[in-house]
Every structure is written in structure tokens, then in C-alpha cells.
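Read the structure below first, then the notes.
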Protein chains: 2
Amino acid sequence: MSIGRPPSTTRDEIEAVALALFAERGFEATTVEDVAGAVGIGRRTLFRYFASKNDILWGDFDWVMERLREALAEGDELPLMEALRRGVVESNRYPDGQLPGLRTRMALITGTPALEAHSTLRYAAWRSVVAEWAGGRLGLPTDDLVPQTLAHASLGAAMAAFRRWVDHPDEDVSDLLDKSFRRLATGFAEP
Amino acid sequence: MSIGRPPSTTRDEIEAVALALFAERGFEATTVEDVAGAVGIGRRTLFRYFASKNDILWGDFDWVMERLREALAEGDELPLMEALRRGVVESNRYPDGQLPGLRTRMALITGTPALEAHSTLRYAAWRSVVAEWAGGRLGLPTDDLVPQTLAHASLGAAMAAFRRWVDHPDEDVSDLLDKSFRRLATGFAEP
DNA sequence: GACATTTTTGACACCGAGTGCTATAAGTCC
DNA sequence: GGACTTATAGCACTCGGTGTCAAAAATGTC
């Protein structure tokens, strides 16, 4: 196949092993060396697959954003806030099989201060997808206050929904997201 | 006065020295030892005044929240979103003399990934003030989706305004906050 | 099969943030 | 002066993260 020494593992494998350890012992109580040892690689090698311990939990976030971008583009004919709501809801639909893993991940993120803090950096990219889309639709520059506020507020709405979902497993993510964005669209008046 | 060895410095002094160093050399390039040395105390001692390097920049945040709580309570007779907007705007009014310092601080926070991430943790408390107030007004539990979404979205609106202010020094903070929250109240329709 | 080339690996040394522990400094009170 | 109280600073340690470099493991060529 390709030239050179073949990689001895994959991002996915490390992620899976790490997720299991984190869920079992806790994020802080698990050292990077523990994870590397469990995967069977050196600590230094793990840091070539992931930029930081925090980043291990954020698998393929680029893909999520690409999905969001496409989902937003589909609502071209709809009013702004309706397109936004549908875009966010649709881009966050997952097959039932993936939900438990997603929940574990989100529970770790929302329950670990270091991860919660780190998530801000990842979400910055998400916000800029929304801001660019909104700017385009409104004929405003991306850095204008309106698209920026909308992007920040949207992220807030999505986070509130996800957090609620983590704490209330019986409720439905898509439904929570939908409700959250409906409120946003009415300016928090009764719907 | 009080019994025991007197403290050799104060939080305010450390904060002032640190802010100057951070602004001059950058946050990452300044070590805790640099700050401690400049203040004339040991590294270990600095960590008794502040829980972490990140926390040095967040002086008296409890006071900000208390102010927000009071400002929100004052809008009892107003409609929800108007009370919210006024509360946030009023609790963020500063005398002109304090604005440059505030801007330096906000510029460091929004421009340094580690600080930006850390701010999330501080803002969680701010959000819960809003969520509790909103829950009370709406007759809903604090952890209900509506107050939570409102709190997250409010924080988003405030952050968008502050960030805009940092990048555009000529604009007025109060005015930006006001505009931001007006958009939120109309569900992002034309005002 | 020996050899050059390419890529990944992992060991080592190092830095900075943060913590537990402890002896000591610097006050007050009697 | 001595008992007591509180703050300080030094030390050793853990952990996350990085730079460097020799060795490992594959491919292709003669």
C-alpha cells in the first residue's frame, strides 16, 4: 500500500478506549499515560493523534459542522428562524444506535469542568457557520452584531437542549432542540 | 489589628501587576513565576490568592452577579424581555474611567484560547442567575428548558456584544448590549 | 537479499501549572 | 519573654504538553 511504517492504531480506536476509561474512572482521574497504555502505544504517540487530552472526546467535529452547513443551506426558501431551527434539528439527528455513545460523551463534557470549558473552543467554529449563513441571508457582514448575536444565541439554545437531554434521558433530543429554537424564534413569548 | 502574620500583598495588587504583564508580553508567554516575582512573592503564595492562573483575570465576579441579580429584580413591573434587557444593560454600566481596563481584560479573555475557554465556567454562574430569575417570573422550575434556553441565549447575546465592543473600540458597550437584547426579544425579526 | 527511502514510533529530557507538606517569619495577646 | 495565630516560601511531586532523535517497519530498486 502506502510507503513508510504503517500506523499502529487509529483515532477511532484511541477514542473508544479513552471513552471507556473516562466513563469508568472519570476524566480527571484518568491520565494520558493510562489511555496510551490501554491502547498499547506510547504517551508521545497519543499526542500525535490528538492535540490534547481534551480533544480526545471531540471525534469528528468537522463532519458535524459540514452537516450543519448543508442542513442550513436546504432551508433557503423558508423564513430565517424556521430554516435555522430545521437546520439545527436535522443536523443533530442520529441513528438510535449512536445515542447512548453520544449521551456518554455529552455527560462527560457537561460534567467535567475542564471539558466544558474546552468545548467553547470547538463551538466557536459552529457559531461561525451559523454567523456566516445568517450574514449571507440577511445581507450583512459576518461580524455584524446581528448575525453574531444570532449565532451566539443559537449555540446557547442548542446547549440548553443538550444539557437538558443529558439530565433527562427519557426526553427526545430532536424534540428538545425543536422546542428550544421555537422559543428563540418567538423572542421567548408564549409560542 | 487582626491576629497573626499580616498578608504581604492583596488580590488587587496581584491582579494589577498580572494584567500589566499579560498585556505587555501576552498571557501564555508570562509564567506564574514571572507574576509572583514581579509582585515580590513566592509562586506558592500566589496560588493561595488565586486558584489558577486563569482566575487572576476574573477579579470580583461575584460582585458583577450580585449587581445583575439586583438589576433584574428592579424590572418587576416590566415585560419579561424588557426587564431582562434593562437588567443586563444596567448591570454592565461602568464609569468611563474603568472602561479601558475592562477592555484590556476583555481583549485578553477573548483573544486567549485558554482564557476564553475558562470564561465558560465563570459564566455558568451568570447563566444561573438569569435562569433562576426567569424561572421565578414564568412560574417554571429553574431547570426547565425555557429558562435554561433563555439564560444560554442571553449569555450568548451579551458575549456577542462584548466581543463586538472589543473589536470596535469606537462603539458603545451599553448600546451594543441594548441592540443585542432587542434582537433577542423580537426573535431576530426586524425591530 | 542488501540497501536507500519514507513514515511512524517511543524514549528521553524538559517546561509550566498546580498541590501537599513543613519549617519559619511576623504579627497579637497575656 | 513566651504562647498563639496566620501567612509565607521552599521543596518535592504529579500531570499535561513539546522538542529532539534514534530506532522500527514498511516500500521500492538494483
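In what follows, chains carry the letters A, B, and so on, assigned in the order in which the sequence lines appear, proteins first and then strands, with residues in each chain numbered from 1.
For C:dT9, one of the phosphate oxygens OP1 or OP2 lies less than 4.0 angstrom from a side-chain nitrogen or oxygen of A:Tyr49. Residue A:Ser8 has a polar side-chain atom (N or O) positioned under 4.0 Å from OP1 or OP2 of C:dT9.
Here D:dC15 presents its C1' atom at 8 Å from NZ of A:Lys53, a figure rounded to the nearest Å. Taking atom CG of residue A:Asn54 and atom C1' of nucleotide D:dC15, one finds them 13 Å apart after rounding to whole Å. When rounded to the nearest whole Å, the span between CZ of B:Phe47 and P of D:dA12 equals 19 Å. Distance CG (B:Asp55) to P (C:dA17): 14 Å, rounded to an integer number of Å. The distance between atom CZ of A:Phe50 and atom P of D:dG16, rounded to the nearest whole Å, is 15 Å. Rounded to an integer number of Å, the gap from CG of A:Leu46 to C1' of D:dG16 is 11 Å. In this structure, A:Leu57 places its CG atom 14 Å from P of D:dG16, rounding to the nearest Å. Residue B:Arg48 contributes atom CZ, which lies 11 Å from atom P of C:dT19 at whole-angstrom precision.
Side chains of A:Val130 and A:Ser154 form a contact here, defined as non-hydrogen atoms less than 4.5 Å apart. Side-chain contact check for B:Glu15 versus B:Leu19: every heavy-atom pair is 4.5 Å or farther apart. Under the 4.5 Å side-chain criterion, counting only non-hydrogen atoms from C-beta, A:Phe188 is in contact with B:Thr149.
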One pair to check against side-chain contact (heavy atoms from CB on, under 4.5 Å): B:Phe50 and B:Ile14. What are the steps and the verdict? CA-CA 9 Å; B:Phe50 294 94; B:Ile14 295 173; 3.6 Å; yes
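Nearest nucleotide to the B:Arg5 side chain, out of D:dA9, D:dT6, C:dG18: D:dT6. Here D:dA26 is the nucleotide among D:dG17, C:dG18, D:dA26 with the atom lying nearest to any side-chain atom of A:Pro6. Among the nucleotides C:dT6, D:dG16, D:dT8, the one closest to the side chain of A:Ile3 is C:dT6.
Within residues 25-45 of chain B, the residues that place at least one heavy atom under 4.0 Å from DNA chain C are, in residue-number order, B:Thr30, B:Thr31, B:Val32, B:Arg43, B:Arg44.
Residue B:Glu74 places its CD atom among 12 or fewer non-hydrogen atoms of other residues, nucleotides or ligands, all under 6.0 Å distant.
A distance-only check finds a donor-acceptor pair linking the side chain of A:Arg11 to the backbone of A:Tyr49 [under 3.5 Å].
Aromatic ring centres of A:Trp58 and A:Phe61: separated by under 6.0 Å.
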